[in-house]
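These notes concern the structure reproduced below.
Just so we're clear, the structure is a prediction, and the values are computed from it rather than from any experiment.
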Amino acid sequence: MLRILKYLLLVVLLLAAGGAAIVFSGNTITVMAWVWGPKHGWDLGRKAPAPDYADASSWAAWPGRESPAGFVPQGVVSAAGARAVDVFFVHPTGYLNGGDWNSPMNAKSQTEENTQWMLANQASAYNGCCNVYAPRYREASIFRYFSAPEDIAQKTMDFAYADVVRAFDHYIANENKGRPFIIASHSQGTTHAFRLIQDKIDGTSLQPSMIAAYLIGSQIRNADANSLKSVKVCDAPAQTGCIVHWATFLEGATVPPEMNDLVCVNPLTWRRDGARAPAELHQGGVPPSGKFSTKLWGDDAPQGVVFEPLGAPLLKLTWAECKDGILFVSDQSENPLGRLAIRGNYHGLDYPLFHMDIRKNVAERVGTYLQRALTDGPAPEK
């Protein structure tokens with residue numbers, strides 16, 4: 001029994017990190033879902049009211065309002081004040097409760113603390129370049145990924161995506177004021193953000209305003225990316241109007257077979273696929289602030305997580321290589337970022353391990369875009 005409980009705990013930790021892949025037995029997952037997952041079908045009566053995105057409280061991060069999205073790594077200089085560019089950040093799964101298939105949007109909850117963790121350790125990578133907008137939304141529960149019937153699995157994601165679309169539409173109509181923007185995301189958020197690009201940006205009048213999209217840690221397949229009308233996959237560090245994606249694993253780790261033919265852009269070189277990039281190119285990982293809470297049972301009460309300022313970047317931690325659609329890196333178990341890794345699945349490190357690489361690359365793409373806008377207008381590189 002103890003062995004089973006330990007096994008379940010590993011599953012919990014992997015999924016709570018936002019894991020796109022499940023590497024454990026179907027029987028274990030079935031038991032876990034039966035114990036803690038939703039016991040009802042699709043029921044709109046259980047859903048929280050739709051967020052009002054005209055109300056700043058419906059946004060986890062909002063320019064000019066203090067939040068962990070404003071955290072800057074120790075020793076990194078970042079100018080204060082408004083930016084000429086925005087980032088629209090779609091956070092990953094933080095709702096780990098079985099009360100419903102979608103988050104009830106409780107402001108005092110473990111889910112909200114997990115959202116704050118994502119702001120501190122993911123969205124903060126963009127605050128050097130951009131005004132950060134991050135909507136709260138009725139995200140899909142983690143149980144959607146391993147216990148939902150197929151129809152409910154799709155409905156719960158469609159329901160969450162509808163909020164993301166309304167938030168983006170409000171942002172464009174009322175807050176953007178014509179500024180160029182970046183789309184950024186992780187895990188579940190990347191599923192929604194890629195769909196947003198398909199529906200709202202690719203081939204539309206908004207596309208020239210999109211500097212880039214950092215769609216990290218999901219399962220964006222080459223076939224899906226190649227099906228976009230005019231948005232391409234990034235293949236150069238200063239290229240604009242393109243998308244970035246990677247999913248991180250330890251070298252030699254077992255990768256689930258469903259994670260095949262994924263888009264992989266190497267965050268050390270910002271090239272699509274290519275040879276192994278040496279650790280000398282690694283700009284720095286940042287140890288995580290706070291704790292991502294992983295309690296799946298009982299209510300969704302807050303766990304009292306405290307978020308300290310981000311620590312100093314740790315440079316040259318890893319080489320990186322895109323191979324068969326996966327970003328492979330070296331063992332990180334001996335440094336402070338290692339606690340985010342689960343048995344070779346480095347999904348939890350997709351952002352923290354490459355925080356400074358993202359921060360510096362975003363600045364480069366923004367600089368390229370703004371310089372081009374001064375001379376040739378805002379049309380992005382194709």
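- The aromatic rings of H91 and Y137 sit tilted relative to each other, their planes meeting at an angle between 30° and 60°.
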Audit row: M210, V231, side chain to side chain contact (heavy atoms under 4.5 Å, CB included) steps and yes/no: CA-CA 10 Å; M210 189 186 81; V231 173; 4.2 Å; yes

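- Nearest approach of R365 to Q239, heavy atoms of both residues: NH1-O, 2.7 Å.
- Not one N or O on the side chain of D300 forms a donor-acceptor pair closer than 3.5 Å with the backbone of S109.
- A donor-acceptor contact closer than 3.5 angstrom links the side chains of D86 and Y171.
- At least one donor-acceptor pair closer than 3.5 Å links the side chain of N121 to the backbone N or O of S289.
- E112 and R136 are joined by a salt bridge, as a carboxylate oxygen and a charged side-chain nitrogen come within less than 4.0 angstrom of each other.
- The hydrophobic cluster containing L310 does not contain V306, counting ILVMFWY residues as joined when their side-chain heavy atoms lie under 4.5 angstrom apart, directly or transitively.
- Following chains of ILVMFWY side-chain contacts shorter than 4.5 Å, one can reach F292 starting from W297, so the two form part of one hydrophobic cluster.
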side-chain hydrogen bond (donor to acceptor under 3.5 Å, both in side chains) evaluation trace for S230 with Q207: CA-CA 9 Å; S230 49; Q207 184 180 329; 2.5 Å; yes

Intermediate values then yes/no, side chain to side chain contact (heavy atoms under 4.5 Å, CB included), F249 and N345: CA-CA 5 Å; F249 279 79; N345 187 325; 3.9 Å; yes

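- With W36 as the aromatic partner, K295 does not meet the cation-pi criteria of under 6.0 angstrom to the ring centre and within 45 degrees of the ring axis.
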Trace of the salt bridge (Lys or Arg N to Asp or Glu O under 4.0 Å) decision for R138 with D100: CA-CA 11 Å; R138 293 170 293 181; D100 188 43; over 6 Å; no

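- Aromatic ring pairs are classed by plane angle as parallel below 30°, tilted from 30° to 60° and perpendicular above 60°; the pair H170 and W59 is tilted.
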CA sep, side-chain torsions, deciding dist, call: Y214, N361, side-chain hydrogen bond (donor to acceptor under 3.5 Å, both in side chains): CA-CA 11 Å; Y214 292 77; N361 181 252; 2.6 Å; yes

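- Taking all atoms of both residues into account, the shortest heavy-atom contact from L96 to F143 is O-CE1, 3.5 Å.
- The backbone N or O of I220 sits nowhere less than 3.5 Å from a side-chain atom of D224 that would complete a donor-acceptor pair.
- Here the side chain of R83 pairs a donor or acceptor atom with the backbone of G128 at under 3.5 angstrom.
- Q303 and S293 form no side-chain donor-acceptor contact under 3.5 Å, judged by distance and modelled atom types alone.
- D202 and K232 are not joined by a salt bridge, as no carboxylate oxygen comes within less than 4.0 angstrom of a charged side-chain nitrogen.
- For the residue pair H245 and T190, no side-chain donor N or O sits within less than 3.5 Å of a side-chain acceptor on the partner.
- Formation of a donor-acceptor pair under 3.5 Å by the S141 side chain with backbone atoms of N97 is found in this model.
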Stepwise side chain to side chain contact (heavy atoms under 4.5 Å, CB included) check, N222 with R272: CA-CA 11 Å; N222 283 303; R272 187 176 187 177; 2.6 Å; yes

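- At a threshold of 4.5 Å between non-hydrogen side-chain atoms, the residues V329 and L250 do not count as touching.
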Derivation and outcome, side-chain hydrogen bond (donor to acceptor under 3.5 Å, both in side chains), residues T240 and R372: CA-CA 10 Å; T240 59; R372 185 182 301 116; 3.1 Å; yes

Side chain to side chain contact (heavy atoms under 4.5 Å, CB included) between M157 and Q188, intermediate numbers included: CA-CA 9 Å; M157 289 295 277; Q188 178 182 156; 4.0 Å; yes

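- Shown are Y53, F88, W62; of these, the ring-ring contact (aromatic ring centres under 6.0 Å, His included) with Y133 is made only by W62.
- Among all heavy-atom pairs drawn from C130 and V87, the shortest one is CB-N, 3.7 Å.
- Between R46 and D43, at least one side-chain N (NZ, or NE/NH1/NH2) sits under 4.0 Å from a carboxylate O, which counts as a salt bridge.
- Closest of all the heavy-atom pairs between P267 and D357 is O-CB, 3.5 Å.
- In the model, S330 has a side-chain atom that pairs as donor or acceptor with a side-chain atom of Q332 under 3.5 Å.
- Taking the charged nitrogens against the carboxylate oxygens, D169 and R166 have no contact shorter than 4.0 Å, which rules out a salt bridge.
- The two residues W101 and G41 come nearest to each other via the heavy atoms NE1-O, 3.7 Å.
- Using a 3.5 Å distance cut-off with no hydrogens or angles, the side chains of N127 and R359 do pair a donor with an acceptor.
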side-chain hydrogen bond (donor to acceptor under 3.5 Å, both in side chains) between S185 and H192, intermediate numbers included: CA-CA 9 Å; S185 58; H192 301 313; over 6 Å; no

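- Counting only N and O atoms by type, the side chains of D199 and Y161 include a donor and acceptor under 3.5 Å apart.
- Ring geometry for W246 versus F354: interplanar angle over 60°, hence perpendicular rather than tilted (30 to 60°).
- Judged by distance alone, with hydrogens and angles left aside, the side-chain atoms of S103 form a donor-acceptor pair with the main-chain N or O of M105 at under 3.5 Å.
- With W319 as the aromatic partner, R276 meets the cation-pi criteria of under 6.0 angstrom to the ring centre and within 45 degrees of the ring axis.
- Donor-acceptor pairing under 3.5 Å is recorded for the side chains of T248 and D350.
- The structure places CG of L268 at 6.0 Å from CG of L281, a figure rounded to the nearest 0.5 Å.
- Side-chain atoms of D324 never come within 3.5 Å of backbone atoms of N260 as a donor-acceptor pair (strictly under, hydrogens ignored).
- Figure legend: cation-pi geometry between K200 and F168 absent, as NZ or CZ is not positioned both under 6.0 Å from the six-membered ring centre and within 45° of its axis.
- Y145 and Y95 are members of different hydrophobic clusters when ILVMFWY side chains are connected at heavy-atom separations under 4.5 Å.
- With respect to P288, the side chain to side chain contact (heavy atoms under 4.5 Å, CB included) criterion is satisfied by exactly one of Q122, E308, R339: R339.
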